[in-house]
Amino acid sequence: MSAHSVDISTTLGNAWFPAPIFTASGCASSGKELAQFFPLKDIGAVVTKSVMNKPRHGRPTPRMAETPSGMLNSIGLQGPGIDAFLANDVPWLLAQNARVIVSIAGETADEYGVLARKLRSTPGISAIEVNISCPNVENRGLVFATDRDTSCRVIDSVRKVIGGEIPILAKLTPDVTNIVDVAKGVIDSGADGLALINTVLGMVINIDTMRPHLGGKTGGLSGPAIRPIAVRAIYQVREALPTVPILGMGGVSSGRDALELILAGASGVSVGTASFGNPTAVISIQNELRELLAQRGFTSLKQAIGYAHRV
Amino acid sequence: MSAHSVDISTTLGNAWFPAPIFTASGCASSGKELAQFFPLKDIGAVVTKSVMNKPRHGRPTPRMAETPSGMLNSIGLQGPGIDAFLANDVPWLLAQNARVIVSIAGETADEYGVLARKLRSTPGISAIEVNISCPNVENRGLVFATDRDTSCRVIDSVRKVIGGEIPILAKLTPDVTNIVDVAKGVIDSGADGLALINTVLGMVINIDTMRPHLGGKTGGLSGPAIRPIAVRAIYQVREALPTVPILGMGGVSSGRDALELILAGASGVSVGTASFGNPTAVISIQNELRELLAQRGFTSLKQAIGYAHRV
Amino acid sequence: MSTINKAALQRQATLIANKRIGAYHQIIFSVGDVVRHCKPGNFIAIAVGGDSSKMILRRAFAISRTSENAQFGGTVELIVAPHGSGSKWLCAQQEGTEIDVVVPLGKAFGIPTEPANALLIGGGYGSAPLFGLADVLKSRGCRVDMVLGASVGSKIYAPMEGKRSVNSLKIFTEDGSMGETGRVTSQLKEIITEREVEIIYSCGPMAMLQAVTEIASSLGVIHQASVEEAMACGIGICMTCVLPIRGEDGTVSMKRSCIDGPVMDGATVCWDLVGKSTENFS
Amino acid sequence: MSTINKAALQRQATLIANKRIGAYHQIIFSVGDVVRHCKPGNFIAIAVGGDSSKMILRRAFAISRTSENAQFGGTVELIVAPHGSGSKWLCAQQEGTEIDVVVPLGKAFGIPTEPANALLIGGGYGSAPLFGLADVLKSRGCRVDMVLGASVGSKIYAPMEGKRSVNSLKIFTEDGSMGETGRVTSQLKEIITEREVEIIYSCGPMAMLQAVTEIASSLGVIHQASVEEAMACGIGICMTCVLPIRGEDGTVSMKRSCIDGPVMDGATVCWDLVGKSTENFS
Ligand SMILES: Cc1cc2nc3c(=O)[nH]c(=O)nc-3n(C[C@H](O)[C@H](O)[C@H](O)COP(=O)(O)OP(=O)(O)OC[C@H]3O[C@@H](n4cnc5c(N)ncnc54)[C@H](O)[C@@H]3O)c2cc1C
Ligand SMILES: Cc1cc2nc3c(=O)[nH]c(=O)nc-3n(C[C@H](O)[C@H](O)[C@H](O)COP(=O)(O)OP(=O)(O)OC[C@H]3O[C@@H](n4cnc5c(N)ncnc54)[C@H](O)[C@@H]3O)c2cc1C
Ligand SMILES: Cc1cc2nc3c(=O)[nH]c(=O)nc-3n(C[C@H](O)[C@H](O)[C@H](O)COP(=O)(O)O)c2cc1C
Ligand SMILES: Cc1cc2nc3c(=O)[nH]c(=O)nc-3n(C[C@H](O)[C@H](O)[C@H](O)COP(=O)(O)O)c2cc1C
Ligand code: FES
Ligand code: FES
């Protein structure tokens with residue numbers, strides 16, 4: 001089996017992607033910088049930084065701390081606001097022939113509805129990722145995904161606007177007692193798929209200042225350190241909801257890691273933090289994955305999705 | 001300030017310890033092996049492997065997987081049962097002049113009560129750690145600490161037996177939506193202090209067998225990878241319950257790390273996984289901590305506890 | 001709009017020299033043709049710790065000098081302070097080691113189109129990029145004065161060859177162990193006035209840059225500061241390295257110091273707002 | 001009760017040789033006086049990846065030979081297969097590197113008190129500890145025959161000097177690229193009977209140990225197997241390395257292969273229960 005003949009295309013709901021490796025939201029900005037290192041059309045999709053309705057400054061610096069095999073970030077959803085984003089970034093990405101998944105974030109369920117309405121009138125977008133799990137907001141109550149009911153209300157208000165033209169992926173946090181329960185809730189509310197996982201809430205204390213290191217005190221833990229948590233979350237959700245497509249993410253930095261998430265149940269894999277350490281990570285991971293699939297005798301990526309669950 | 005003159009003694013409830021660094025439950029067996037590398041009396045205390053009422057085989061192998069800066073384990077509480085433990089291990093530890101904290105685990109709230117009764121009649125024990133958060137049990141429902149009410153029932157049944165002679169420390173899992181809520185619950189039910197954190201539920205898929213690597217499928221993630229999660233949990237709980245003593249743990253492998261947990265609010269620090277990679281970790285960490293405290297001008301450990309919260 | 005340095009490339013670079021100089025290490029990498037695009041003020045982002053490293057992020061270092069020679073092709077020189085685990089790892093590497101680098105990154109110092117009187121101010125290893133800059137300014141007919149400062153003499157980086165390209169060099173140390181006792185700002189007003197300085201270039205700790213900005217602004221002198229904010233990616237995709245910058249319309253926004261900088265117009269940086277809650281932004 | 005090897009010490013050991021031999025690396029560490037306590041069957045636990053390693057656990061390797069010499073003092077030799085990231089790192093280390101080791105660990109092979117006919121069976125790098133063992137057995141007047149097997153010839157480790165200490169050596173490879181085509185168990189019954197073997201020592205993959213146990217048990221021959229179960233700590237404190245062992249009273253319990261082993265009485269290991277739910281234990 002030659003790596004080249006493996007069909008690595010994938011689908012998330014009714015959206016088709018020629019390849020399964022995506023950027024992770026917030027870890028590729030709007031794609032322009034990574035385009036210097038590889039053509040964006042060669043990867044599955046660019047998932048853009050979560051955008052809010054209004055421009056937003058985000059959290060104070062320091063915004064990052066490196067941790068063993070991981071990092072904390074507390075960006076706090078800095079961004080230009082949806083209007084500037086749709087006017088500048090989306091057309092640029094489409095001109096590169098990249099697939100675009102737009103991640104949205106709001107302070108209220110209604111704001112998500114407003115954002116969805118603006119996206120509905122933008123042609124060319126492949127899917128919407130609904131970020132209900134950003135830990136970097138002043139009020140932790142805003143992490144909708146820690147509560148099943150508030151999560152459902154957000155998905156509801158997006159679903160009301162998006163009639164099925166493009167899939168809605170709900171992005172969940174692992175920082176909950178029962179992620180399967182939240183997953184079931186958002187699927188019942190009309191999400192077409194899930195994005196698992198967002199960062200894990202963490203903190204670093206600077207032993208020189210003897211205070212929390214990050215300007216925002218807590219931050220989101222990402223990178224290889226959290227991969228076992230991502231694999232577990234994906235596996236659990238796939239076991240409970242075997243037909244729901246999952247976009248997996250969390251600590252993927254090699255083809256081996258991507259395969260691990262796919263075997264656990266992911267139909268596509270987003271690469272986040274790995275791009276910080278290696279600007280060509282996304283494309284290398286995709287190439288390595290293709291090889292690994294071929295070595296294992298898979299003729300298509302789809303055969304490998306959730307394969308670890310076979311009896 | 002010379003390191004030697006720093007007072008590193010600490011207390012957890014009414015128990016006094018000459019030093020703040022302990023072994024972590026399940027990461028020192030009953031102390032015999034580590035005693036080959038340093039005198040057990042030189043560290044704060046030996047926290048023994050969680051013991052159940054009956055002998056127990058635990059989970060099938062493989063029981064471990066290394067992960068980036070961490071590891072998964074699925075031991076499943078293998079042990080000799082409380083009677084053999086009290087007959088053999090506790091007397092041996094006391095003969096070494098070590099302080100002993102006994103960790104107990106049960107399948108029902110009643111079993112914890114039974115264990116507590118047996119401990120009450122054993123002289124020389126410094127504290128009881130009530131492990132209500134072991135992720136390595138067949139039925140995840142048994143992880144009492146994922147639910148406030150069941151957690152409280154367990155602590156209740158221990159409290160009924162232990163009248164205040166020795167402190168009861170409730171060991172919690174970070175795998176919950178709101179750890180502060182569980183912490184408040186167990187303190188209300190009579191716990192004297194908290195042990196934070198147990199391992200984080202994770203999974204590794206073996207990309208050769210293409211199945212979950214561990215015999216028990218999921219396992220508990222420990223080691224430096226989870227340190228930011230531990231620091232966050234300790235900080236959050238300390239902020240909410242500033243007078244409750246905390247025994248901190250999670251990824252500590254240097255004096256710097258121990259100091260981080262102490263600044264966040266831990267009165268003592270248990271060292272687990274680090275001992276696997278370095279049998280002298282516990283004692284080196286304690287020595288490094290003493291230096292770091294002196295360098296910062298602390299004359300006693302107690303001044304540093306929770307110092308990151310100062311305004 | 002801000003864009004990533006168009007010349008940036010990722011490559012395996014061979015470490016060809018590693019020499020201790022005072023408190024620092026002078027490290028030279030062979031990087032190939034890309035050296036032609038490395039300008040004073042650009043930086044290099046280096047993967048540290050090797051294949052099984054727990055350090056997942058690159059470390060940023062200013063390019064202090066570049067050269068092209070027959071044996072090694074294009075080379076870049078860095079002046080590295082062994083600070084934490086990553087920089088210490090780098091300083092411990094031996095000649096011949098292959099290391100993954102991304103270079104050149106960031107905005108370079110702007111060069112005046114006409115000859116001008118320039119003052120270069122460096123704190124600690126912040127002097128590193130200033131010698132390469134001095135060469136360029138000299139070649140454009142500028143007068144180049146330099147003021148360096150550090151806590152102690154061993155932290156003054158001022159190589160012999162570098163001194164040749166400046167018209168004057170003044171050194172301050174806080175403990176007086178080298179040059180005059182004091183800080184780079186101690187006699188700054190006087191120097192600017194006396195030498196009729198038209199443009200200031202600075203590189204060093206943020207507090208120094210802020211102090212220089214205040215003096216430069218008060219005297220109405222242009223000031224290009226090379227800032228140093230913690231960077232997770234160095235290429236503009238993570239938004240960790242931001243600084244509050246006042247735009248032409250007077251509003252403040254968070255700009256990425258890795259691609260809108262590290263060289264910034266000192267007067268536009270809202271130093272007082274660094275690390276402050278963004279709710280206070282106007 | 002099982003106890004940790006009383007001689008175990010943690011120390012910085014200098015790697016003094018690293019040579020490729022077929023598919024393996026022969027690695028020699030200078031460990032000092034502790035070498036006197038290293039017996040055939042003991043293992044060494046090595047910290048891998050250096051100071052900034054993401055690999056937090058030690059790697060276990062059988063001690064293949066020990067020696068004491070004037071230049072390096074006590075040395076231990078290992079035969080390492082570059083398998084995953086840790087063993088590959090070790091195989092990439094150069095002479096002179098200081099590495100943190102804990103040694104000796106585990107139970108050694110038991111030596112018969114009277115001269116006996118011994119058969120040593122090794123799979124892949126499992127032959128490593130058998131040559132040191134052969135020396136000891138020889139010196140006690142035993143007859144020592146050896147059977148080695150591997151998938152391919154490059155994975156047979158059988159050094160020249162080693163061959164001298166055995167009375168006979170038979171090699172099997174699955175692809176026939178060295179010795180006879182087959183497995184170590186192919187002619188095992190015949191060999192045991194012909195040579196009147198009284199005790200078998202084995203080291204290799206678990207499936208091989210199981211197969212040898214079956215034959216040894218059926219012929220009533222004592223069998224000491226050196227097992228290889230994944231170990232997090234190597235010193236008895238983590239309970240990850242357990243195997244189901246049938247005790248004298250007939251009940252099965254999980255024993256730590258790092259301190260109750262790695263050498264175990266093959267007949268007591270419940271090979272069929274390895275990796276099975278412990279609920280089925282009698
Ligand atoms: C544009 C730029 C140019 C620089 N030029 C030089 C130079 O020429 N010479 C030199 O010695 N140093 C320079 N630095 C600082 C250098 O990047 C840090 O000293 C280095 O990253 C510290 O890494 P560490 O692993 O040793 O320390 P650690 O403290 O272990 O690093 C932990 C994390 O924090 C970040 N970090 C820590 N300190 C700094 C810092 N001062 N600035 C930015 N990030 C930091 C690291 O990148 C890493 O991600 C520069 C930094 C920037 C942003
Ligand atoms: C008592 C004992 C003696 C051994 N003797 C030798 C020897 O003489 N020569 C030799 O080449 N190898 C030997 N091994 C196997 C050696 O320990 C593993 O090959 C090595 O740990 C693999 O580490 P890695 O980082 O290369 O692989 P990885 O697969 O990256 O390791 C990941 C984790 O799994 C563990 N692991 C992986 N494979 C094995 C294995 N086969 N056995 C035990 N743990 C494993 C590692 O220790 C590590 O914690 C021995 C193992 C044991 C337990
Ligand atoms: C700097 C940074 C910014 C992020 N911003 C966002 C964001 O805006 N929206 C979002 O849904 N996730 C965001 N994430 C989370 C990532 O998309 C991803 O879920 C997480 O980092 C785990 O993947 P990784 O380990 O590959 O980075 C961010 C992560 C990082 C590190
Ligand atoms: C192999 C292993 C076994 C453990 N067994 C127990 C246990 O029996 N009871 C318990 O409360 N915690 C147990 N733990 C959790 C540790 O006590 C500790 O809370 C956790 O590992 C985090 O600390 P560390 O990162 O320093 O290991 C175990 C951890 C490991 C790695
Ligand atoms: S360092 Fe990532 S955007 Fe600047
Ligand atoms: S490896 Fe830890 S008990 Fe054996």
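Naming convention: chains lettered A, B, ... in sequence-line order (proteins, then strands); numbering from 1 in each chain.
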Q: Kindly compute the distance separating CE (M206(D)) from OG1 (T61(B)), expressed to the nearest 0.5 Å.
A: 7.0 Å
Q. Under 3.5 Å, is there a donor-acceptor pair between the side chain of T278(D) and the main chain of H57(B)?
A. no
Q) With a 4.5 angstrom heavy-atom cut-off, which part of I259(D) approaches chain B: side chain, backbone, both or neither? A) side chain
Q: Sort out for me which of S29(B), P224(B), G26(B) touches chain D most, counting heavy-atom pairs under 4.5 Å.
A: S29(B)
Q: With a 4.5 angstrom heavy-atom cut-off, could you sort out which part of V102(D) is near chain B: side chain, backbone, both or neither?
A: side chain
Q | 4.5 Å side-chain heavy-atom contact, M55(D) and M71(B) | A | no
Q.
For the interface with chain B, which of I4(D), I56(D), D100(D) has the highest count of heavy-atom pairs at distances below 4.5 Å?
A. I56(D)
Q.
Before you tell me yes or no, could you show the steps for K54(D) and E66(B) under salt bridge (Lys or Arg N to Asp or Glu O under 4.0 Å), namely the whole-Å CA-CA distance, both residues' side-chain angles and the distance that decides it to 0.1 Å?
A. CA-CA 10 Å; K54(D) 69 179 171 195; E66(B) 199 186 42; over 6 Å; no
Q | Gap separating the CD atom of E279(D) from the CZ atom of R59(B), nearest 0.5 angstrom | A | 10.5 Å
Q.
Checking the side chain of Q36(B) only, and the main-chain atoms of A8(D) only, is there a donor and an acceptor separated by less than 3.5 Å?
A. yes
Q: Check whether S275(B) gets within reach of chain D through its side chain, its backbone, both or neither, counting any heavy atom under 4.5 Å.
A: both
Q | Rounded distance [0.5 Å steps], CD in Q10(D) versus OG1 in T280(B) | A | 3.5 Å
Q: Heavy-atom pairs under 4.5 Å with chain B are the metric here; pick the option from I237(D), L9(D), T240(D), I235(D) that has the most.
A: I237(D)
Q.
Would you compute the distance between atom OG of S2(D) and atom CD of E33(B) and round it to the nearest 0.5 angstrom?
A. 7.5 Å
Q) Below 4.5 Å, heavy atoms only, C-beta onward: do M254(D) and R56(B) meet side chain to side chain? A) no
Q: Using a cut-off of 6.0 Å, state whether more than 12 heavy atoms not belonging to D51(D) lie near its atom CG.
A: no
Q: Between chain D and each of G223(B), G215(B), P279(B), P62(B), count heavy-atom pairs under 4.5 Å; write down the option with the most.
A: P279(B)
